[in-house]
Amino acid sequence: MRWRVGGKVKSKTLRTKELANSHLRDLRLAAKNGEAFDVATGLPVSTLAPEPETGPTFLAFAQTFITQR
C-alpha cells in the first residue's frame, strides 16, 4: 500500500489485502481526527513508540560522584 505524508510517498507491504485495508482505515481515521503524522515514518504520532527514557550517562554519573566527594 502507498500513501503520502508531507508530499512524500510512503509505502508498506502487508501479507493480505485485508491487512492493507485495515492499515489504510487506521491512517484515514487518524487523518480524519486531525491527528499529527510523523513525516519521517509516515505514521500517526499516536502509533509511534515513545523514546525510552535513559538514565544519566557514565560521564554525568562520574562527574556527579567526583563533585560530591
Side-chain angles (χ1 to χ4, degrees):
M1 63 177 286
R2 292 184 189 154
W3 69 100
R4 298 186 123 208
V5 175
K8 295 182 180 180
V9 176
K10 301 295 178 181
S11 64
K12 184 173 184 175
T13 303
L14 298 165
R15 287 186 176 261
T16 65
K17 187 175 181 177
E18 289 80 18
L19 289 174
N21 287 336
S22 175
H23 188 65
L24 184 58
R25 271 192 305 272
D26 293 342
L27 293 176
R28 286 181 176 164
L29 182 61
K32 182 179 177 182
N33 291 335
E35 193 172 328
F37 278 70
D38 180 46
V39 178
T41 62
L43 298 174
V45 174
S46 66
T47 62
L48 300 176
E51 292 185 17
E53 292 185 28
T54 59
T57 62
F58 180 75
L59 176 62
F61 174 77
Q63 289 172 337
T64 303
F65 180 78
I66 295 298
T67 57
Q68 289 179 353
R69 295 190 104 218

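For clarity, every value in this text was computed on a predicted model and none was experimentally measured.
- With sequence neighbours left out, Asn21 forms a side-chain hydrogen bond (donor to acceptor under 3.5 Å, both in side chains) with no residue at all.
- Shortest non-hydrogen contact noted between Thr67 and Thr64 is OG1-O, 3.0 Å.
- Note that the CG atom of Leu29 and the CG atom of Leu24 stand 11.0 Å from one another [nearest 0.5 Å].
- Chaining together hydrophobic side chains whose heavy atoms lie under 4.5 Å apart places Ile66 alongside Phe65.
- Listed by chain and residue number, Arg2 satisfy the side chain to side chain contact (heavy atoms under 4.5 Å, CB included) test with Ser11 (two or more places apart in sequence, or in another chain).
- When the side-chain hydrogen bond (donor to acceptor under 3.5 Å, both in side chains) test is applied to Glu35, the partners found at least two apart in sequence or on another chain are Ser46.
- Connection of Leu48 to Leu27 is established within a shared hydrophobic cluster, with ILVMFWY side chains joined at heavy-atom distances below 4.5 Å, either directly or through further cluster members.
- Proximity of Arg28 to Trp3: side-chain heavy atoms (C-beta onward) are nowhere separated by under 4.5 Å.
- One N or O on the side chain of Lys10 and one on the backbone of Ala40 form a donor-acceptor pair closer than 3.5 Å.
- Note: Lys12 NZ to Leu43 CG = 6.5 Å, rounded to the nearest 0.5 Å.
- A search for side chain to side chain contact (heavy atoms under 4.5 Å, CB included) contacts involving Leu19 returns Leu14, Arg15, Thr16, not counting sequence neighbours.
- Between Ala30 and Phe37 the shortest heavy-atom distance is CB-CZ, 3.9 Å.
- In this structure, the side chain to side chain contact (heavy atoms under 4.5 Å, CB included) partners of Ala60, at least two apart in sequence or on a different chain, are Pro56, Thr57.
- Between Lys32 atom NZ and Arg25 atom CZ the span is 13.5 Å, to the nearest 0.5 Å.
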